[in-house]
Amino acid sequence: MKFGKEFAAQMVQEWQEAYMDYSNLKSILKDILRFKQMNKVPSPMAATTKGSLKRRVSFYRAFSGLTSRYRSGSPMQNNEDEVILVSAVQEAGREGDYQTMFLMSGEKGGQYELVFFRRLDEEFNKVIKFYKKKVEEVIVEADQLSKQMNALIALRIKVDNPVVEGADMVNLAANGLSSNSSSVVHPTNGGKQVWTRMDTIQEVEMSREGISSEEIKEGNDREKLSGAEANIQGFRPAPLDVLDHVKINCEPETPLSTLKGVIKTSKSDLSFSRQELRKAEEKITQAFVEFYRKLRLLKSYCFLNQLALSKIMKKYDKITSRNASKAYLQMVDKSYLGSSDEVSKLMERVEATYVKHFANGNHRKGMKTLRPQAKKERHRITFLYGFFSGCSIALIVAIIVNIHARDLLRSQGRHQYMVNIFPLYSLFGYIVLHMLMYSGNIFFWKRYRVNFSFIFGFKQGTELGYREVLLLSTGLSLLALAGVISHLDMEIDPRTKGFAVLTELIPLVLLIAVLSIMFCPFNIIYRSSRFFLIKCAFHCVCTPLYKVTLPDFFLADQLTSQVQAFRSLEFYICYYGWGDFRKRLNKCEESEVYKVFYIVVAIIPYWFRFLQCLRRLFEEKDAAHGLNGLKYFSTIAAVAIRTIYQFQKQKTTTWLVLAAATSGIATIANTYWDIVIDWGLLRRNSRNPWLRDKLIVPHKGVYFVAMVLNCLLRLAWMQQVLGIQSVPFLHNTALIAVVASLEIIRRGIWNFFRLENEHLNNVGKYRAFKSVPLPFYYDCDGDKSV
């Protein structure tokens with residue numbers, strides 16, 4: 001793979017605009033090369049390329065020794081051979097932007113090279129400013145984490161009330177005795193108790209003092225992990241009086257904390273309970289993991305940009321037969337980008353702190369949490385989903401052959417089967433179709449580098465790829481289709497006709513098996529992903545009492561497209577609970593209670609989203625959430641009136657007008673919100689007319705096709721209003737299933753562009769990390785999250 005593609009693949013996607021524009025600089029070099037070839041400028045280096053920039057070395061080759069390129073005693077190039085002079089412009093007593101003076105601008109084609117160096121300076125200064133800004137941010141966050149650790153260690157001491165050898169705890173902190181002379185017992189994340197030295201506070205000190213310029217100049221490496229134990233003498237433990245200035249943060253994230261937040265302030269005094277200590281440890285652990293990830297990405301950002309600078313300068317030397325890279329890369333080494341080591345020092349301190357205080361000193365365990373391994377692609381998954389897909393296709397063919405061979409479409413029991421059995425199996429069809437659409441979403445998100453795992457908040461290494469989702473969907477389709485064909489065979493075969501009860505129970509057994517797998521507590525079949533889905537679903541059910549996050553309202557949006565699946569679940573209860581399933585009979589549609597719940601289950605997903613909008617309006621005070629809530633409320637009214645009209649035996653014009661009006665208003669509102677708000681399209685004055693300034697998919701026609709499809713599929717409700725109950729080749733229940741499937745397909749299209757827009761918003765704000773709430777609040781400190 002060429003370096004340009006490797007460079008783009010290794011970027012932090014949310015920071016892509018802050019990286020050096022390697023492709024633009026490379027295009028300028030191509031212009032220089034083209035000019036030299038057209039004007040026959042003698043250049044032996046350029047002549048060997050024959051019009052292309054061929055890469056002759058490995059990507060992993062040492063890139064000109066950026067960190068140790070020049071020895072202190074090595075002679076510099078002779079002045080007469082110098083091509084460029086690089087200097088930093090002084091601004092208000094501090095080092096400003098770097099500028100390169102090209103000394104050969106008078107030569108033929110020199111104007112092209114002058115443009116190259118101007119652009120190179122712009123990119124280099126952009127990188128340095130961004131890197132310096134991010135380093136300053138992590139230093140501030142490190143100071144916050146240090147204060148949080150002070151409070152945590154003091155809380156551990158207070159909760160455990162340890163017996164300290166030879167001195168009272170407060171006196172120990174005040175006298176600054178050696179940490180080798182006292183120990184403390186505290187619970188760890190795993191629930192065990194271990195003896196830990198009282199030198200905790202110094203190792204977590206990551207404040208400005210710890211990485212000051214004086215320390216950097218002195219070259220003091222006492223923070224290194226290998227020398228940490230040799231430098232603990234004389235350090236003081238956390239003083240307990242720090243707890244007098246600390247309160248616990250009660251973020252309204254759970255039902256109980258939400259109710260407390262309504263009644264009283266979100267900050268309460270410490271109760272010194274073990275439950276409070278456990279929650280504080282969990283939050284600080286999450287903060288450390290996220291902070292360490294930020295440091296790793298920042299270090300990668302620094303390395304990749306240095307590598308890109310080295311590569312582009314080597315290409316310049318090769319094309320122009322000059323030796324400018326030596327002077328320029330020497331300047332890179334001496335700049336803040338090449339000489340600062342704050343990030344490396346912070347990484348060492350975070351590692352030492354986390355290993356000691358959250359991994360019981362087990363370095364491998366601690367680093368496994370801080371640096372989770374990337375999930376490996378397994379060939380057996382590809383084989384299994386291919387195998388299941390083939391079996392599913394074979395079963396579909398077998399079912400079609402079975403129906404035509406026995407002429408089941410014209411049989412007397414066709415209507416009875418479609419009314420009683422088809423809705424039971426259609427539930428699995430809706431789920432499989434939605435999973436297939438989601439697997440397609442994941443495939444295209446990965447292809448166009450949409451960071452969906454960060455947007456959804458998946459724990460690194462646990463997110464499902466499109467292969468895993470395809471495996472689950474094809475496995476479920478195989479089970480459902482096997483149930484369908486076995487149901488048909490058992491019903492028709494004379495030898496199994498006597499087992500009518502067992503035959504009718506096959507769909508119920510399938511449903512129980514799926515639910516059992518979903519709620520299985522054992523670590524099988526992607527337990528972390530299953531529990532994440534269950535947690536989000538529970539948050540949707542308890543919507544007003546939980547803080548609304550993107551996974552929660554995204555799942556609620558998916559549920560709004562599964563209305564018919566909810567109605568199928570209601571039919572399961574009615575058919576097996578109150579119907580005569582032994583004789584394949586039910587009177588569900590004659591029951592008024594069933595009709596009421598038929599409306600209720602349809603509006604429940606929209607009600608979830610309505611309450612989520614109210615919660616966000618209450619928290620964020622953004623009027624857009626109120627308008628979004630009105631949109632869902634209009635949809636609730638439309639669905640309810642439409643369903644009432646559907647159940648009327650004698651259709652009245654009043655209800656027809658009401659159904660058409662409410663459905664039309666809801667459709668217009670939903671379509672506008674989908675395209676303009678959720679997708680961010682239809683911007684008339686954007687760089688891409690009627691789309692938006694930034695697009696991920698290179699083909700603009702895709703966006704226009706998606707908008708048209710979204711509008712057309714939104715009109716599927718007209719089937720009910722116009723009274724189209726069946727078509728010549730489809731039964732009424734089959735037509736309902738087709739309409740429901742079209743809505744699921746529309747939702748799959750919506751998913752891709754919705755997350756694309758969210759990703760571009762993150763890119764525009766350089767938002768590559770989660771905001772982790774911290775447990776403690778200092779009276780004199782307002783910062784609460786990393």
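Note that the numbering runs from 1 along the sequence shown for the chain.
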For this session: Tell me, please, which residues at least two apart from N125 pass side-chain contact (heavy atoms from CB on, under 4.5 Å).
Result: D97, Y98, D121
Problem set entry | Derivation of the side-chain contact (heavy atoms from CB on, under 4.5 Å) call for L114 and R118 | CA-CA 6 Å; L114 189 61; R118 284 178 181 173; 3.7 Å; yes
Exercise. Quick one: do the D552 and T549 side chains pair a donor with an acceptor below 3.5 Å?
Worked result: yes
Exercise. Does a donor on one side chain sit under 3.5 Å from an acceptor on the other, for D333 and S335?
Worked result: no
Exercise. Does the salt bridge (Lys or Arg N to Asp or Glu O under 4.0 Å) test come out yes or no for K345 and E342, once each step is laid out?
Worked result: CA-CA 5 Å; K345 287 188 175 183; E342 287 94 336; over 6 Å; no
Exercise. Got a sec, which residues hit side-chain hydrogen bond (donor to acceptor under 3.5 Å, both in side chains) with Y526, two or more places apart in sequence or on another chain?
Worked result: none
Exercise. Is the gap between the ring centers of Y22 and F3 under 6.0 Å?
Worked result: yes
Exercise. Can you check side-chain contact (heavy atoms from CB on, under 4.5 Å) on W679 and Y703, steps first, answer last?
Worked result: CA-CA 10 Å; W679 295 357; Y703 294 91; over 6 Å; no
Exercise. If every non-hydrogen atom of A142 is compared with every non-hydrogen atom of L346, which pair is closest and at what distance?
Worked result: CB-CD2, 3.8 Å
Exercise. Shortest non-hydrogen contact from A706 to F753?
Worked result: CB-CE1, 3.3 Å
Exercise. Does any pair with a residue in residues 690-700 pass salt bridge (Lys or Arg N to Asp or Glu O under 4.0 Å), and if so which ones, sequence neighbours excluded?
Worked result: E17-K694, R692-E756
Exercise. Side chains of R119 and I28: does their closest heavy-atom pair fall under 4.5 Å?
Worked result: yes
Seminar exercise, completed: Heavy-atom nearest pair, N751 first then F554, reads OD1-CZ, 3.4 Å
Problem set entry | From CA spacing to verdict: side-chain contact (heavy atoms from CB on, under 4.5 Å), K134, K294 | CA-CA 10 Å; K134 288 299 177 182; K294 183 180 294 188; over 6 Å; no
Problem set entry | ring pair (Phe, Tyr, Trp, His ring centres under 6.0 Å) involving F102 - partner list, sequence neighbours excluded | F117
Problem set entry | Derivation of the side-chain contact (heavy atoms from CB on, under 4.5 Å) call for W15 and N762 | CA-CA 9 Å; W15 292 351; N762 290 340; over 6 Å; no
For this session: Please check if any side-chain donor atom of S23 sits under 3.5 Å from a side-chain acceptor atom of D21, or the reverse.
Result: yes
For this session: Could you note down all residue pairs passing salt bridge (Lys or Arg N to Asp or Glu O under 4.0 Å) where residues 447-463 supplies at least one of them, sequence neighbours left out?
Result: none
Problem set entry | Set of residues satisfying side-chain contact (heavy atoms from CB on, under 4.5 Å) with respect to R371, sequence neighbours excluded | Y292, R296, M347, E351, M367
Exercise. Parallel, tilted or perpendicular: which fits the ring planes of Y438 and F456, with parallel below 30° and perpendicular above 60°?
Worked result: tilted
Exercise. Does a side chain donor of either E123 or Y19 reach within less than 3.5 Å of an acceptor in the other side chain?
Worked result: no
Exercise. With side chains defined as the heavy atoms from C-beta onward, is the minimum distance between E137 and V140 less than 4.5 Å?
Worked result: no
Problem set entry | Pair Q286, E282: side-chain N/O donor-acceptor within cut-off below 3.5 Å | no
For this session: Flag yes if more than 12 heavy atoms outside Y448 fall under 6.0 Å of its OH atom; otherwise flag no.
Result: yes
For this session: If the plane angle is over 60° it's perpendicular, under 30° parallel, otherwise tilted; pick one for Y131 and Y301.
Result: parallel
